[in-house]
Amino acid sequence: MSSSLVVSQRYHRQELIPEIGREGQRRLREARVCIIGIGALGTHVADQLARAGAGFLRLVDRDVPELTNLQRQVLFDEADVESATPKAIAAARRLGAINHEVELEPVVDDVNPYNVERLISDVDVVIDGSDNFELRYLLNDASVKLGRPWIYGGVIATHGTTMTIIPGETPCLRCVFPEPPPPGAAPTCDTAGVLGPAVAVIGALQAVEAIKLLTGNRDARSRWLTSFDVWTHELVRIDLPARNPECPTCGLGRYEFLDRTLPTQTIQLCGRDAVQVVVHPRASLSFPALAERLSRSGEVSYNRYLMRFRAGAYELTIFPDGRAIVRGTTDPAEARSIYARYIGM
Amino acid sequence: MAVTVLIPAPLRRFTNEQASVQVEAGTVSEALAKLDAQFPGIRDRICEPDGRLRRFVSVFVNGRDVRSLEGLDTPLREGDEVGIIPAMAGGR
């Protein structure tokens with residue numbers, strides 16, 4: 001058996017589906033996808049799209065896997081937690097072993113108004129694997145501005161919601177939900193918990209939508225805002241409203257989240273008991289030099305991608321561009337002062 | 001007019017975990033007021049203090065977004081279904 005035959009048979013079972021066929025598979029092979037957030041939803045969707053034979057996957061995530069992630073984030077294992085391998089890198093390694101035909105581009109970075117357009121401008125579909133509304137509304141702005149379809153997904157506890165947004169054709173996220181909830185108004189996975197199979201269901205729905213769009217089946221896309229509870233099997237499927245001509249984003253072309261200029265330094269809550277500090281413009285840290293300096297104040301270790309520094313009750317994860325995640329506090333002012341004390345700003 | 005209000009999971013702590021509640025109402029606004037009379041506090045999760053629909057919540061009548069109808073004044077008929085969907089966080 002020649003290797004080309006093995007390759008051609010690889011997708012046989014999904015090519016049997018008439019809506020896909022050889023032609024759909026060929027299109028999928030040429031497709032480019034960006035997945036924003038390689039966590040619970042992101043790992044599920046990436047796994048499905050890599051196995052399905054999508055041509056190119058850009059995997060964007062700012063974080064490293066933690067033990068509490070393994071319950072639902074399917075591309076990571078205990079060794080990744082132990083070695084502090086960034087999620088984007090660990091996922092790319094795993095996906096490369098699953099399907100060597102897929103071109104993988106891991107990006108270890110925070111997604112913000114400065115880089116979001118660059119991250120999605122050269123792809124056919126964007127997958128929402130994020131966990132916060134600030135990022136989703138930013139993604140909505142950038143996707144509408146650049147005309148890139150994106151697939152929203154959100155999961156809490158045992159239920160989740162998904163919606164497919166095709167700029168110019170469907171309503172956008174702001175047509176349906178005009179503003180993001182204020183901080184504290186919506187439950188998060190850290191407060192309400194999340195069940196792995198709930199993520200799997202919503203991630204699977206997102207992956208199917210991507211496959212439809214990428215195999216020439218755009219007409220078959222979901223026309224609903226779909227919510228499903230895996231515990232009770234309650235399905236709420238709402239016809240998407242018409243596009244709102246008054247929608248700031250897709251009606252009026254005001255990209256308020258994208259145009260929001262960031263201060264030279266942003267500080268945001270980042271999961272349970274952690275605060276992220278981002279500096280603009282980006283720094284270029286030398287880990288060996290920083291390690292030498294910090295080793296006098298605490299325990300330091302680093303690899304190619306990041307540095308870990310423990311001092312008292314705090315643990316800092318520091319990236320080469322100056323970004324840091326400060327664990328051990330939820331107080332932005334405290335995180336700022338810890339950052340200033342050890343890294344300087 | 002007897003209508004059914006479908007309660008999303010995050011708000012069921014107000015309704016003793018009931019997934020749907022029957023109320024008598026002629027408009028969406030009235031339905032939410034009746035709901036709140038039965039389950040105090042739930043309306044604040046859907047509407048701003050000044051009574052407008054909160055901007056991260058969508059309310060639907062028989063699957064149609066009330067923002068594309070007459071908002072909270074959208075009239076209801078016997079047997080109508082009022083759905084409430086809050087924007088959903090989470091995913092990582």
Side-chain angles (χ1 to χ4, degrees), chain A residues 37-43 61 63 69 72-73 87 128-133 136 152-162 171 173-182 185-190 192 194 198-199 202-203 224-225 227 229 231-232 234 236-242 244 271, chain B residues 3-21 28 31 35 41-74 76 80-92:
Chain A
I38 308 299
L41 287 170
T43 54
D61 197 284
D63 218 339
N69 299 153
R72 64 190 181 283
Q73 304 190 6
K87 288 182 179 180
D128 167 25
S130 73
D131 62 351
N132 66 84
F133 283 107
R136 286 196 179 103
Y152 160 59
V155 183
I156 292 285
T158 61
H159 53 272
T161 299
T162 182
L173 186 66
R174 284 195 90 178
C175 292
V176 180
F177 301 112
E179 300 283 344
T188 69
C189 293
D190 286 331
V194 58
V199 177
I202 297 299
W224 302 278
L225 175 68
S227 294
D229 188 316
W231 199 268
T232 61
E234 276 168 276
V236 178
R237 207 175 70 164
I238 302 290
D239 291 326
L240 285 179
N244 175 8
Chain B
V3 301
T4 304
V5 184
L6 305 175
I7 310 297
L11 298 186
R12 282 183 205 155
R13 60 188 174 85
F14 289 95
T15 63
N16 309 319
E17 298 304 318
Q18 286 180 72
S20 68
V21 176
V28 172
L35 188 66
I42 192 168
R43 194 173 190 282
D44 285 348
R45 302 297 301 271
I46 305 165
C47 299
E48 300 289 348
D50 66 6
R52 288 176 309 152
L53 189 58
R54 299 191 83 156
R55 290 171 64 77
F56 54 89
V57 177
S58 279
V59 173
F60 299 82
V61 174
N62 301 330
R64 294 193 62 193
D65 191 338
V66 300
R67 286 194 179 93
S68 67
L69 301 170
E70 292 168 52
L72 293 176
D73 297 329
T74 301
L76 296 175
D80 277 354
E81 270 189 358
V82 178
I84 301 160
I85 297 194
M88 182 76 65
R92 276 170 48 114

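A note on names: the letters A, B, ... follow the listed sequences, proteins ahead of strands, and every chain is numbered from 1.
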Segment of V236(A) engaging chain B (4.5 angstrom heavy-atom cut-off) = side chain
Side chains of L225(A) and F60(B) in contact at under 4.5 Å (non-hydrogen atoms) | yes
Using the test side chain to side chain contact (heavy atoms under 4.5 Å, CB included), find all partners of P8(B) that sit at least two apart in sequence or belong to another chain.
-> P10(B), L11(B), I84(B), P86(B)
With sequence neighbours excluded, tell me which residues meet side chain to side chain donor-acceptor pair (under 3.5 Å) with R12(B).
-> E234(A)
Please name the pair of heavy atoms, one in D65(B) and one in C175(A), separated by the smallest distance, quoted to 0.1 Å.
-> OD2-O, 4.3 Å
Heavy atoms of G63(B) and I238(A) approach each other most closely as O-CG2, 3.4 Å
Check whether more than 12 heavy atoms from other residues, nucleotides or ligands sit under 6.0 Å from atom CZ of R64(B), and answer yes or no.
-> no
At a heavy-atom separation under 4.5 Å, does L53(B) approach chain A through its side chain, its backbone, both, or neither?
-> neither
F177(A) and A87(B): which non-hydrogen atoms are nearest, and at how many Å?
-> CE2-N, 3.5 Å
